[in-house]
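Please read the structure below before turning to the comments.
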Amino acid sequence: MTLTPPSTAASIGHFVNGQVISPQAGRAQEVFNPATGAVSGHVALASAADVDAAVTAAQAAFPAWSDTPPIRRARVLFKFLELLNLNKDKLAHLITAEHGKVFTDAQGEVSRGIDIVEFACGIPQLLKGDFTDQVSTGIDNWTLRQPLGVVAGITPFNFPVMVPMWMFPVAIAAGNCFVLKPSPIDPSPSLLMADLLKQAGLPDGVFNVVQGDKEAVDALLVHPDVKAVSFVGSTPIANYIYETGAHHGKRVQALGGAKNHMVVMPDADLEQAVDALIGAGYGSAGERCMAISVAVLVGNVAEKLVPMLQARAKTLVVKDGVNLDAEMGPIVTAAAHSRITGYIDQGVKEGAKLLVDGRTFTGADAGKGCDKGFWMGGTLFDHVTPDMGIYKKEIFGPVLGCVRVKDLAEAVELINAHEFGNGVSCFTRDGHVAREFSRRIQVGMVGINVPIPVPMAWHGFGGWKKSLFGDMHAYGEEGVRFYTKQKSIMQRWPESIGKGAEFVMPTAK
């Protein structure tokens, strides 16, 4: 069965103060359908003035929105949730058309974003403070959480719906106003989400979208009215976002790159392990920050597992994502295709054993109309070593490398030595191995017989080491803390106040 994608707007603009702002004369960027290589639209690239207009609209909306009772804010999100469920396939079509991931994967992305909206609908409970009466004679003390003001989200191409939903539902539920700067590679879903929010009754100015590139990012980072910035992307840019935003007095949450390992123990169910590695390594063409790119094979398991992986990688169903039997779609851009090809070339030169070469897959293999698309098959390397560039670097493509180690201790040491610490997995039947691995591994998100351990909406997402810059993870309770500030209030009334000035540090009496 083949799905027909919706038409994509020829001109993609901004959304400011409740209105779609059509691009005027100025900078723009082509938007492609990665499966065909055809230009599907042109997206405006915001100037600093465009960013300032969005921030100004958000700042003007903030006093009324922050004063709106949390339950009323939640009701807007409940309506938004209803509209999302009615339009989730439309959002998924837009993702497939501009990103290239297969439609079923795009549906999963939308569903995981919806999970965060459901979580944010419970904001009245999440904003409750603490209270203690009689902390001292006649004095009560309580805390409350209040919104920051205008906050911004800078999001990547690989999840144009889910990652923004990691941010804005929690932020606006908590009483903030939001400016989203999505990737210019797949910008259309951002405008559909903005429209659904408006239909849900969100006041104008509370949610705004500025399309753009580095100029828009820099304008947000230095704008005095932007109080916090959330970012997901590569580690060099995450570091830049963190340093620049913090320098300008902003709260920053910047999620960076990854090199995710999956350890396969000799006692693992090999069929399950192969399924996990194929899905987690090649799903979404490996363009996930939680993709498995390294299989760490312990003891003699490699001799059995590698041939199974090789056979399965050769049978990947790679075609336009609108085909419901597709397992992997195209690479997102021609530039990304060239970068990934360069890494495969490098791996061959470094001496890794190339078992399956994705470079041989072409648009003609993908099907009719795909000749000019950005196509590549799954690539599999064996005998990868830690000194190789294909091991050290985040390739962000359908390239899986196998590293052989003698035991669990060597596997843990290998993973802990890597500069990234986003996600990791271990496949085993041994509970003791699972427990020790979970405790000793220096990675933020751990899966036991789970290849992609992305936490659910109420737990929060974030890695360790150079995979996260900032102190708080995305969404969950840490997301609520990120988008709010705590205020402590102590009060007493005249009848309980003693006479005379006090010149010593107040103590409980």
Side-chain angles (χ1 to χ4, degrees), residues 3-16 18-24 26-46 50 54 80 83-103 105-114 117 153-168 178-200 202 207-213 216 232-233 284 287 320-322 329-333 336 373-374:
L3 296 165
T4 302
S7 59
T8 304
S11 183
I12 304 164
H14 316 299
F15 184 88
V16 177
Q19 302 295 324
V20 175
I21 308 299
S22 299
Q24 304 299 315
R27 297 185 310 125
Q29 178 173 310
E30 291 178 327
V31 178
F32 293 88
N33 181 331
T36 65
V39 175
S40 59
H42 294 81
V43 60
L45 300 177
D50 295 323
F80 177 55
L83 293 169
L84 280 174
N85 281 309
L86 290 172
N87 289 274
K88 58 185 178 182
D89 281 356
K90 187 174 182 181
L91 278 167
H93 277 304
L94 289 175
I95 295 168
T96 297
E98 293 182 349
H99 173 276
K101 69 176 64 175
V102 301
F103 180 71
D105 188 24
Q107 287 178 307
E109 173 186 340
V110 177
S111 293
R112 288 304 296 265
I114 286 173
V117 179
I154 301 166
T155 57
F157 73 84
N158 59 327
F159 288 101
V161 170
M162 184 182 74
V163 171
M165 285 193 195
W166 286 1
M167 303 172 185
F168 73 78
F178 200 90
V179 178
L180 172 65
K181 205 299 291 180
S183 169
I185 292 173
D186 41 17
S188 295
S190 63
L191 295 184
L192 178 52
M193 289 187 291
D195 180 61
L196 296 179
L197 282 166
K198 185 176 178 67
Q199 290 182 46
L202 190 71
F207 180 79
N208 306 273
V209 178
V210 287
Q211 313 287 358
D213 54 8
V232 176
S284 198
E287 295 167 333
D320 190 334
V322 299
I331 305 302
V332 66
T333 63
F374 315 132

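These numbers come from the heavy atoms of this one structure, side chains and all, not from hydrogens, waters or symmetry mates. One-based numbering along the sequence shown.
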Inset, instruction - Return yes if some donor-acceptor pair links the side-chain N/O of Ser40 with the main-chain N/O of Val31 below 3.5 Å, else return no. - result: yes

Inset, instruction - Would you check if the side chain of Gln211 reaches a backbone N or O of Ala44 as a donor-acceptor pair within less than 3.5 Å? - result: no

Legend entry - Minimum-distance pair of heavy atoms, taken over all atoms of Val43 and Pro184: CG1-O, 3.6 Å

Legend entry - Note, Leu196 side chain near Leu84 side chain (heavy atom, < 4.5 Å): yes

Inset, instruction - Determine the minimum heavy-atom distance between Val117 and Met165, stating which atoms define it. - result: CG2-SD, 4.0 Å

Legend entry - pair Asn208-Val16: side-chain heavy atoms closer than 4.5 Å: yes

Legend entry - Heavy-atom closest contact (Ser188 atom, Ile12 atom, distance): OG-CD1, 3.5 Å

Legend entry - Phe159 six-ring centre to Lys101 NZ/CZ under 6.0 Å and within 45° of normal: yes

Legend entry - Leu180 side chain reached by Met167 side chain, heavy atoms, under 4.5 Å: no

Inset, instruction - Give the minimum heavy-atom separation between Asp50 and Ala46, together with the two atoms involved. - result: OD2-CA, 3.4 Å

Legend entry - Test item: Asn158 and His99 side chains (from C-beta on) under 4.5 Å apart, heavy atoms: yes

Legend entry - Under 3.5 Å donor-acceptor, Gln199 side chain and Leu83 backbone: no

Legend entry - Heavy-atom closest pair, residues Val161 and Pro189: CG2-CB, 3.7 Å

Inset, instruction - Please lay out, stage by stage, how Glu98 and Ile185 fare under the test side chain to side chain contact (heavy atoms under 4.5 Å, CB included). - result: CA-CA 7 Å; Glu98 293 182 349; Ile185 292 173; over 6 Å; no

Legend entry - Minimum-distance pair of heavy atoms, taken over all atoms of Phe207 and Ser190: CE2-O, 4.5 Å

